[in-house]
Amino acid sequence: MANADCIIIQGSNMAECHPVGFQWVTEAKARGARVIHVDPRFTRTTAIADKHVPIRAGSDIVLLGALINRVLTEGLHFDEYVRAYTNAANLISENYQDTEDLDGLFSGFDPDTNSYDNSTWSYQTDEAGRAVRDESLSNPRSVFQILKRHYSRYTPEMVAENCGIKPADFEYLVESVTQNSGRERTTCFAYAVGWTQHSLGAQFIRTASILQLLLGNMGRPGGGIMALRGHATIQGSTDIPTLFNLLPGYLPMPSAGVHETFDDYVAAVGTPETHKGYWANGRSYATNLLKAWWGDAATKDNNFAYDYLPKINGAHGTYQTQVRMLNDGVDGYFLLGQNPAVGSANGRMQRMAMSHLKWMVVRDFRLIESATWWKDGPEIASGELTTEDIETEMFFMPAANHTEKAGTFTQTQRLVQWRHKAVNPPGDAQSELDFFFELGKRVREKLKDSEDPRDRPLLDMTWDYPVDDEGEVDPESVLAEINGYYVGGEKDGQPLDNFNQMTDDGTTAGGCWIYAGIYAGGQNMAARRKPRADQDETAAEWAWAWPANRRILYNRASAAPDGTPWSERKKFVWWDEDSGKWTGKDVPDFPIDRAPSARSDQAHGGPANLDGDDPFIMQADGKGWLFAPSGMVDGPMPTHYEPQESTVDNPLYDQQSSPTRLVMRREDNLSAPGAGNPGTDVYPYVFTTYRLTEHHTAGGMSRWLPYLSELQPEMFCEISPELAAEVGLEPYGWATLVSPRAAIEARVLVTKRMTPLTIGGKTIHQIGLPYHWGVGGDATVEGDSANDLLGVTMDPNVFIQNSKYVAGTIMPGRRPRGPELVDFVEKYQREAGLSPESGNQLVTVSDEVVAESHAADSEASKGGHPHRGGDSAVGVTPGRTFGDEATDSGESDDAEATGGSAPDDASSVVDNADDRSGRVDLRPADSIDENRTETVDANRADDGDPTDGDPDRGDIGKDADSAEKGNLGEGPRDFSGRNDEGADTTSVDNRGHEEED
Amino acid sequence: MARFSPLEWPVIRQLRSSDASGRGESVVSRKTRDTTSRNATADKVVQSVCPYCAVGCGQKVFVKDDKVIQIEGDPDSPISRGRLCPKGAASEQLVNANGRITDVLYRAPRAKDWQKLDLGTAIDMVADRFIEARRNHWEDFDDKGHPLRRTMGIASLGGATIDNEENYLAKKLYTAAGAIQIENQARI
Amino acid sequence: MVEDVEFSSYYGRAIVKAPPWGDEIALYLFLGGLAGGSSLLGLGAQFSDRPGLRIATRLTAITATGVGGAALVADLGRPERFLNMMRVFKVSSPMSLGTWILSGFGVGSGVLAAIEVDRLTGLRLPLGPLRRVLHAFETPAALESALFATPLAAYTGALLGDTAVPTWNAAGRNGLSYVFVSSAAVAAGGTAMALAPVRETGPARLLALVGAAGEAITMDRMKKGMHPAEVDPLEEGEPGHKLHRAEKLLIAGAIGTAAAEVGARVFAKKLGKGAGWKTRAALRTVSAVSGAALAAASAYTRFGVLEAGIESTKDPRHVVEPQRARLEERRARGITGDSITTGV
Amino acid sequence: MSTTTVEDDAVADGHWHGSAHERKGFFTDTSICIGCKACEVACKEWNNNPQDGTFELLGSSYDNTGSLGANTWRHVAFIEQDSDRIEAARESGRKLVNLGMPTIRPRSNESAGAKPLGGALGAAESGSNGAGASGGGLPSTPPMGIDLLAPGALNPSDPEDIAKLDTTPPDTADFRWLMSSDVCKHCTHAGCLDVCPTGALFRTEFDTVVVQNDVCNGCGTCVAGCPFGVIERRDDGTINTPTDRDDRKAADMDVPNKNTANKCTLCYDRLVEGDTPACAQTCPTESIKFGDHDDMVDKAHTRVADLHAKGMTEARLYGANPNDGVGGTGSVFLILDEPEVYGLPPDPRVPTKDLPQMYAKAGMAALGMVAAAGLAFLGSRR
């Protein structure tokens with residue numbers, strides 16, 4: 001990033017959220033780089049940027065699309081790069097229809113499932129299965145031409161109208177990015193949750209990727225798209241995931257009915273038949289994981305105990321799980337350093353869900369709000385819950401902090417750093433490692449005589465980690481298992497040096513293939529601490545980066561197709577003709593001896609078949625994807641849809657909002673009606689949440705510390721002087737903010753840093769809300785939680801909720817207390833005529849259009865899924881949404897029902913569109929607790945019907961995650977190229993999460 | 001200045017030295033003269049990583065008598081070059097500030113307050129509940145007869161602030177137990 | 001070149017801080033002056049053979065010194081460390097000098113007080129052979145204490161003046177010491193008038209009158225030399241009230257004193273011979289009341305000045321405006337090289 | 001008054017022997033401050049300072065610690081300004097440039113000649129002399145690519161001149177958010193140090209000014225002595241609990257060094273070990289730089305010249321002039337508007353500068369009092 005000539009920070013408040021990472025921006029600026037901040041608010045990032053471009057939250061694709069449009073129409077793209085390294089020349093199926101044709105839908109939309117079948121989005125292929133290309137880029141079916149047409153109506157006028165950005169500011173942006181891209185110069189984008197926390201989040205990122213690919217800024221120093229992430233090891237927690245849809249190393253969790261056998265599963269992960277890249281060895285990676293977990297019980301004969309793995313069949317994310325809790329479908333809940341009572345969207349729903357649990361274990365340093373909700377939470381105050389009636393057993397277990405245990409964090413650029421233990425935890429405080437080890441031991445002990453086959457996986461599990469004198473597990477022994485080791489033979493037990501040593505015959509075991517090598521030679525590579533002064537700027541001997549200690553991905557793109565540097569100034573990795581190898585300032589992320597001119601006639605076949613100019617080696621075809629034939633469930637190219645609850649009409653399409661977004665139709669998750677519907681003016685303003693430098697997410701690690709608490713002691717809202725005048729708010733007085741879900745109070749910061757925008761002729765006021773505070777008795781500072789205002793509506797790719805655009809209203813004064821608060825919120829709900837259907841109408845185009853889209857799908861389907869196998873491992877199969885049941889029960893009918901004013905009659909309302917668990921409650925709309933008339937068998941698990949044959953249900957999330965992070969595994973989304981640029985360590989990121997802690 | 005020595009009386013030192021105006025060396029107390037950095041008194045210095053955001057800034061943890069006495073940026077780190085943001089700079093408080101809970105607390109159903117609980121007892125109780133919840137909501141097959149082998153009775157949230165090794169053990173245990181509703185803030 | 005003189009500030013927050021000085025320090029300022037002045041009167045009384053005045057002033061001096069010292073200690077954050085004041089002798093610190101002055105003064109003053117107490121108790125203090133020594137030191141002690149007396153009365157002007165507190169600093173530069181010394185004369189004279197016999201307090205009256213005149217004149221001159229923003233706190237609010245009250249008491253006391261002086265001179269002979277008790281009582285009353293009024297005036301002056309300074313720190317206007325003005329004034333004179341803000 | 005004679009080695013009035021340390025100081029470049037407040041936290045953490053205030057919004061943008069004080073030794077100010085104010089600042093900065101800068105007096109020349117009072121007292125005179133002597137204020141070096149020495153460049157009434165520069169205004173001109181980390185100035189002539197009666201405050205071997213909390217008896221004189229409002233006595237009541245809000249509470253913290261004066265020590269205890277002060281070490285953007293004072297001043301001059309060359313004429317230095325009222329500060333700042341906008345005094349002067357004159361007046365007053373007393377007795381002869 002420090003090498004960039006222009007840095008566009010959009011959807012991120014980098015200086016505030018990642019001050020130390022921001023040093024590279026200030027450094028670049030000091031060297032003359034231009035820094036532009038595109039954000040609804042003027043923040044501390046803006047303060048030292050060259051330019052602030054205020055934007056309406058949620059309109060980013062319009063802006064980026066307009067930049068793409070300008071680049072394409074004026075030929076400002078980096079032609080040689082685009083031709084060589086992207087799929088611009090690929091031809092797309094004749095059946096593909098664009099949003100331009102279908103008024104906001106792509107071809108393949110299935111109105112019954114509200115999902116796409118992506119078969120019409122695939123490449124045209126020849127008999128050998130190789131993609132057909134038109135190097136002239138003139139074929140109307142070429143990606144280049146499709147792209148051009150797709151964004152043709154994304155104009156400066158549209159930007160002015162929808163984003164609220166002045167034409168002059170737009171021209172400034174155009175000039176900045178185009179003048180600072182090309183052979184000699186590079187532009188870098190940085191984003192964070194400002195992009196991801198939207199129902200279109202993943203597509204925001206893709207739009208930037210397309211622009212960066214067109215400008216030739218991917219894989220090059222000072223280019224790329226940097227994700228800025230919010231948690232110490234948010235990266236690690238997806239690499240070695242505590243996520244429902246992933247196993248370590250981005251292996252998917254197997255899906256019921258899809259990955260019935262180990263071979264099915266391996267086929268989905270990746271095989272030489274489907275891949276050029278390293279995913280071709282999927283069988284080895286899966287085998288090693290199983291072998292590491294079940295040791296001797298995992299044998300070739302039993303497919304390495306593949307059957308021990310539980311199967312998923314839908315989304316089991318946190319919001320789906322929470323709905324299940326509300327339905328008494330979950331007994332126990334572990335919180336590991338996480339404070340959902342404050343940090344998750346729709347906090348009331350979170351806390352109510354907890355009250356339905358039988359027991360909860362909270363592992364933290366302090367009595368966070370998620371540990372005390374039963375005692376002093378907002379629902380106790382409002383009378384909705386009574387302590388004496390709450391059955392939930394609570395266990396608060398003190399956690400060891402980062403100095404009291406050893407282990408690794410993986411930072412945002414995949415660098416895995418070992419922390420040495422400094423002191424022993426005080427009192428009964430304990431590390432998660434010890435807790436889980438002990439818990440596992442006891443559970444196994446209690447079950448040791450069990451004959452029940454369901455207990456075999458627990459009893460057969462390798463669980464014999466060495467402990468020290470104090471009974472604490474040696475974390476290095478766990479790291480060694482993650483790294484992998486030889487099984488049997490003369491090297492038995494010795495650590496693997498890299499993942500190429502992994503075999504699929506059970507002679508090696510390893511818990512996370514991408515981490516193989518971290519314990520090479522028995523040395524803890526993550527603990528390496530060679531001072532930066534003693535090594536070059538790549539600092540390869542500081543800790544260890546996965547994969548294979550490679551610091552920068554896709555750096556082959558930093559050289560021209562012929563292997564020479566694009567320019568002396570941006571020289572990074574190049575082909576050395578004399579030695580016949582790639583060389584440069586970093587470890588080349590490419591087969592080291594694959595000459596630039598090398599060509600393979602195979603479309604697949606593992607790394608050996610990469611062409612010499614296929615830099616994006618984790619993509620199935622080695623190219624950067626301007627058009628994503630697979631991998632995105634909501635469209636092959638980003639398209640502007642209005643956010644949920646938006647009060648603005650989509651100026652581009654009749655399709656108002658994303659038709660594939662995931663909604664939860666529930667009485668306790670009401671949405672504002674949205675533009676054009678009655679009741680919209682009850683919630684006329686836009687709330688956008690964010691965080692502050694001085695606090696950490698839900699506050700568990702900051703609101704208890706006096707030094708941080710004093711710096712930002714109170715919940716506040718930021719509003720423009722214009723809005724203050726309109727509503728009558730006094731500076732630093734109190735305001736009450738009301739959304740369709742809740743009402744909170746905050747102190748008022750009236751500031752010109754908030755700018756009213758004129759959108760479609762109307763003035764839109766945005767209100768900024770930091771979300772660090774929560775209500776509870778223990779913290780040094782408390783306050784109302786902004787997340788209580790949020791509803792749960794999710795991006796269909798990654799299931800991240802929309803926190804950046806919430807409809808609501810504001811008035812002077814403090815909020816009502818006690819039961820009156822509930823009445824107060826309901827008063828507004830009634831006034832707006834809200835029902836669970838409000839704002840949740842997914843499809844807003846005509847039936848004919850839908851039919852046309854669907855028909856395209858059917859035709860194409862006959863031809864099979866030409867693209868599919870190729871990237872099933874990394875890609876996701878689109879076409880699946882998680883709203884099946886709900887949508888079954890009436891999505892199409894909803895069209896009429898949604899006016900918002902439809903009284904909820906007592907007829908049953910399906911309340912949990914997303915409850916993947918499959919449980920559906922049919923109950924009167926106005927009563928949550930009573931009359932649960934029917935519960936569908938939980939095992940029915942809804943799921944997604946396997947008939948569509950998509951293999952990878954699990955991948956959805958995976959890709960999602962990985963995509964966001966841009967890592968190796970991920971391909972389809974572009975990320976491929978995201979390549980965080982330069983070795984810097986810098987980047988930070990945070991992906992989706994700001995919200996939690 | 002425990003023992004009073006007339007010659008060490010600053011007024012006298014003032015006259016004896018060139019610091020006649022009494023604004024420098026002559027007025028220095030013994031304690032001041034013996035000033036050392038508390039870092040210099042540490043028994044050991046441990047290299048660590050900041051627990052807040054994902055930049056991964058290096059930290060140096062200074063330890064004396066098994067107590068953390070200082071945490072500051074690690075200048076050796078190529079990532080952070082010794083710098084920390086306010087949260088990172090407050091990490092020592094995260095460790096040492098008053099009021100940290102170090103006992104296991106238990107709240108029985110319908111109880112109005114916490115009670116202390118022995119750690120071993122607590123883990124044992126959790127283990128019992130873990131097994132019970134697992135059984136209560138066990139699912140062998142979906143409605144089409146596909147094997148599931150899982151339990152919906154247990155959920156977990158968290159992981160982005162705990163170690164990779166910890167996440168690994170947690171995921172391994174949960175998965176072996178058939179618990180699948182495992183999430184962290186990567187998705188929140 | 002006209003600079004933008006519009007007053008601006010950081011959210012109206014104070015720029016300089018007031019010292020944590022409360023009533024104890026104001027009391028000390030008053031008592032220090034009282035002690036110093038009393039000591040001079042005591043010396044004169046000794047040499048002019050006015051035993052009543054001598055006894056009254058010496059006991060006043062030691063009492064004022066003791067109480068003042070105690071007030072000073074009480075106002076410390078760490079009173080148990082008051083002896084640290086003796087660690088150094090710093091010319092640059094009026095507080096340090098003052099401590100040494102007060103100590104020096106206290107030694108002589110203490111000896112004199114002991115002698116007087118011994119005399120008053122009929123030489124019954126259990127002093128043994130030391131009595132002779134003690135009494136032998138009367139004159140040296142009187143001279144010694146008198147030597148420190150005027151510095152004791154005068155240094156407090158520098159003490160307040162040598163601060164960044166705008167009103168004090170400006171006052172200090174414009175003769176606060178004159179005001180304070182005058183005030184000390186007023187206090188000492190007034191107190192002696194109240195405590196000693198009328199026929200012996202002629203010098204006290206004269207001293208008080210000179211002091212009163214001096215205070216009125218020097219106060220006025222001082223204010224004229226200050227920037228209006230620095231004067232305001234002396235005239236407004238509670239400190240202003242105090243100073244106005246001091247002014248009134250001063251005038252009233254001075255008139256009474258003058259009357260007493262005239263009366264004393266008119267009735268000098270009779271007084272000497274022990275004239276009628278009515279006359280004596282009337283004069284005594286006038287003298288006592290006037291003396292008390294003058295002492296009160298002095299006290300109000302000290303409290304008023306102290307509080308005005310503290311008040312002047314609260315509004316940054318008192319800091320910024322005078323500083324801007326002097327900066328502009330220097331620039332207007334072509335002196336541009338001494339600004340803390342530089343463009344290059 | 002006193003015959004004490006000390007050489008006028010202004011800043012080295014600590015008179016250390018055998019310690020060959022360069023003077024240390026900060027250069028705080030507020031133009032790259034991101035207002036993260038890491039400096040405030042790192043400072044408090046290192047020095048075990050209690051938290052400040054009442055856990056309520058102070059009503060000053062993102063600033064909730066208010067000002068420097070007994071507990072807050074680094075304080076970040078936040079100032080929101082619109083275009084009028086930016087233009088005014090740019091204009092006032094432009095005028096400052098034209099005023100130029102006096103030749104810097106070499107420090108080594110300072111020991112010449114005995115003055116009646118030492119250190120800062122002597123400096124009082126030399127300071128005013130210096131100011132007078134340097135009259136027109138010739139810059140010692142052309143600070144930027146422009147020629148300030150060109151005819152007319154220094155004519156204060158001719159702001160046109162600067163127009164010759166390429167001063168393309170920076171892009172963000174309609175609004176700005178200034179952030180600035182303030183700190184003790186460690187003045188060359190330090191008021192707090194001068195007036196301290198116990199010797200608790202002293203000039204260190206690094207030419208910084210430090211309180212010895214084991215000596216200080218909390219008399220508070222230094223508080224009044226500081227022209228910048230930096231030093232403060234730490235009271236028991238430092239951690240307040242607001243009375244009118246039941247949802248605010250006091251922090252559970254220990255309060256060391258109660259009732260003594262406290263301020264930035266420039267991390268004296270770190271300096272003795274050769275470490276960097278906590279605030280400078282933690283500063284993510286290097287807005288706070290630490291090093292030898294001379295280097296800091298050089299960097300400051302270079303930086304302000306850079307910004308001027310980019311058209312940011314609002315940039316100016318604060319404390320980099322050894323001829324100012326405090327003899328220049330050990331902590332030098334680059335600011336983007338008038339000092340008072342940041343809560344800094346526009347023309348601070350060490351009060352001790354006035355002390356000789358005040359002592360003279362006190363002497364006169366004392367003599368007057370003796371005379372008055374003498375006259376009183378003479379006039380009352382019986």
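Computed from a predicted structure; not experimentally measured. Chain letters run A, B, ... following the sequence lines, proteins first and then strands; every chain starts at 1.
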Engineer: Using atom types as modelled and distance alone, determine if a side-chain donor or acceptor of D/Asn321 lies under 3.5 Å from a backbone N or O of C/Gly337.
Structural biologist: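 Answer holds: yes.
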
Engineer: Do the charged groups of C/Asp315 and C/Arg13 touch, with an N to O distance under 4.0 Å?
Structural biologist: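 Result for this pair is no, no salt bridge flagged.
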
Engineer: Between C/Glu321 and C/Arg324, is there a salt bridge with N-O shorter than 4.0 Å?
Structural biologist: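 Judged by the 4.0 Å cut-off on N to carboxylate O distance, C/Arg324 and C/Glu321 do not form a salt bridge.
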
Engineer: Considering only heavy atoms, which portion of C/Ala158 lies under 4.5 Å from any heavy atom of chain D: side chain, backbone, both, or neither?
Structural biologist: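 Its backbone and side chain both get close to chain D.
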
Engineer: Among D/Gly368, D/Gly59, D/Ala315, D/Ala362, who wins on heavy-atom pairs under 4.5 Å with chain C?
Structural biologist: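 Heavy-atom pair counts peak at D/Ala362.
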
Engineer: So for C/Tyr178, is it side chain, backbone, both, or neither that comes closer than 4.5 Å to the heavy atoms of chain D?
Structural biologist: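 Interface part for C/Tyr178: both.
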
Engineer: Have C/Tyr10 and D/Asp63 got a donor and an acceptor in their side chains that come within less than 3.5 Å?
Structural biologist: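 D/Asp63 and C/Tyr10 do have a side-chain donor-acceptor pair below 3.5 Å.
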
Engineer: Flag the one option from C/Ala185, C/Ser9, C/Gly189 with the top tally of heavy-atom pairs under 4.5 Å to chain D.
Structural biologist: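 Option with the greatest count: C/Ser9.
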
Engineer: Should the pair D/Lys258-D/Asp235 be classified as a salt bridge under the 4.0 Å nitrogen-to-oxygen rule?
Structural biologist: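 Salt bridge: no.
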
Engineer: Please identify, among C/Ser177, C/Pro203, C/Gly211, the residue contributing the most non-hydrogen atom pairs under 4.5 Å to chain D.
Structural biologist: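 Among the listed options, the one with the most contacts to chain D is C/Pro203.
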
Engineer: For each of C/Leu176, C/Leu152, C/Leu327, C/Thr156, tally heavy-atom pairs with chain D at distances under 4.5 Å, and name the one with the top tally.
Structural biologist: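 When all of C/Leu176, C/Leu152, C/Leu327, C/Thr156 are compared, C/Leu327 has the most.
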
Engineer: Which bit of D/Leu367 is near chain C, if near means a heavy-atom gap under 4.5 Å: side chain, backbone, both or neither?
Structural biologist: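 Answer is neither: D/Leu367 stays 4.5 Å or more from chain C.
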
Engineer: If I measure from the heavy atoms of chain D, does C/Pro20 come under 4.5 Å with its side chain, its backbone, both, or neither?
Structural biologist: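 Both parts, heavy atoms under 4.5 Å.
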
Engineer: Inspect the contact between C/Arg330 and D/Asp347 and indicate whether a charged nitrogen and a carboxylate oxygen are less than 4.0 angstrom apart.
Structural biologist: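 Yes, this pair counts.
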
Engineer: What option among D/Ala300, D/Ala261, D/Gly319 has the most heavy-atom pairs under 4.5 Å with chain C?
Structural biologist: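 Heavy-atom pairs under 4.5 Å are most numerous for D/Gly319.
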
Engineer: Is there a donor-acceptor pair under 3.5 Å between the side chain of C/Glu24 and the backbone N or O of C/Ala71?
Structural biologist: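 Not at all, since once roles are kept as given, no pair shorter than 3.5 Å links the two residues.
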
Engineer: For D/Ile231, is it the side chain, the backbone, both, or neither that has a heavy atom closer than 4.5 Å to a heavy atom of chain C?
Structural biologist: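 Backbone only.
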
Engineer: Under 4.5 Å, counting heavy-atom pairs only, tell me which of D/Gly66, D/Ala224, D/Cys222, D/Ala366 racks up the most with chain C.
Structural biologist: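 If we count pairs closer than 4.5 Å to chain C, D/Ala224 comes out on top.
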
Engineer: Pick from C/Ala184, C/Pro79, C/Ala45: which one has the most heavy-atom pairs with chain D under 4.5 Å?
Structural biologist: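 Sorted descending by pairs with chain D, the first entry is C/Ala45.
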
Engineer: What part of D/Phe228 is in contact with chain C, defined as an atom under 4.5 angstrom from a non-hydrogen atom: side chain, backbone, both or neither?
Structural biologist: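 For D/Phe228, the contact with chain C is made by backbone and side chain together.
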
Engineer: So which part of D/Ala200 gets closer than 4.5 Å to some heavy atom of chain C, the side chain, the backbone, both or neither?
Structural biologist: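 Only the backbone of D/Ala200 comes within 4.5 Å of chain C.
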
Engineer: Is C/Val165 in contact with chain D via its backbone, its side chain, both, or neither, using a 4.5 Å heavy-atom distance?
Structural biologist: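 It is both, since atoms from each part get that close.
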
Engineer: Among C/Gly36, C/Gly157, C/Gly172, single out the residue with the greatest number of heavy-atom pairs under 4.5 Å to chain D.
Structural biologist: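 Highest number of pairs under 4.5 Å: C/Gly172.
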
Engineer: Would you say the side chain of C/Met85 lies within less than 4.5 Å of the side chain of C/Leu72, judging by non-hydrogen atoms?
Structural biologist: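 C/Leu72 vs C/Met85: side chains apart.
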
Engineer: Determine whether the side chains of D/Asp194 and D/Thr352 contain a donor N or O and an acceptor N or O closer than 3.5 Å.
Structural biologist: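 Checked: D/Asp194/D/Thr352 side chains pair up, N/O donor to acceptor below 3.5 Å.
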
Engineer: With no hydrogens and no angle check, is any side-chain donor or acceptor of C/Asn84 less than 3.5 Å from a backbone partner on D/Val215?
Structural biologist: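 The answer is yes, because a donor-acceptor pair under 3.5 Å joins these two groups.
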
Engineer: By a 4.5 Å heavy-atom criterion (distance strictly below it), what part of D/Cys196 contacts chain C: side chain, backbone, both, or neither?
Structural biologist: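 The answer is both parts of D/Cys196.
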
Engineer: CZ/C/Arg331 to NZ/D/Lys95 distance, rounded to the nearest 0.5 angstrom?
Structural biologist: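 Answer for the CZ-NZ pair, C/Arg331 versus D/Lys95, is 10.0 Å.
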
Engineer: Do D/Asp354 and C/Asn169 have side-chain atoms, one donor and one acceptor, less than 3.5 Å apart?
Structural biologist: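 Distance-only check passes for D/Asp354 and C/Asn169.
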
Engineer: Select, from D/Gly374, D/Pro197, D/Gly218, D/Gly325, the one with the greatest count of heavy-atom pairs under 4.5 Å involving chain C.
Structural biologist: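 Answer, by heavy-atom pair count under 4.5 Å with chain C: D/Pro197.
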
Engineer: Chain C: which of D/Arg349, D/Glu232, D/Arg316 shares the most heavy-atom pairs with it under 4.5 Å?
Structural biologist: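 Highest number of pairs under 4.5 Å: D/Arg349.
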
Engineer: So for C/Leu53, is it side chain, backbone, both, or neither that comes closer than 4.5 Å to the heavy atoms of chain D?
Structural biologist: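 It is the side chain, since no backbone atom gets that close.
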
Engineer: Highest number of heavy-atom pairs under 4.5 Å with chain C: which of D/Cys219, D/Gly69, D/Gly225, D/Pro351?
Structural biologist: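 When all of D/Cys219, D/Gly69, D/Gly225, D/Pro351 are compared, D/Pro351 has the most.
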
Engineer: How long is the span from the NZ atom in D/Lys185 to the CZ atom in D/Phe333, to the nearest 0.5 Å?
Structural biologist: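 Between atom NZ of D/Lys185 and atom CZ of D/Phe333 there are 4.5 Å.
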
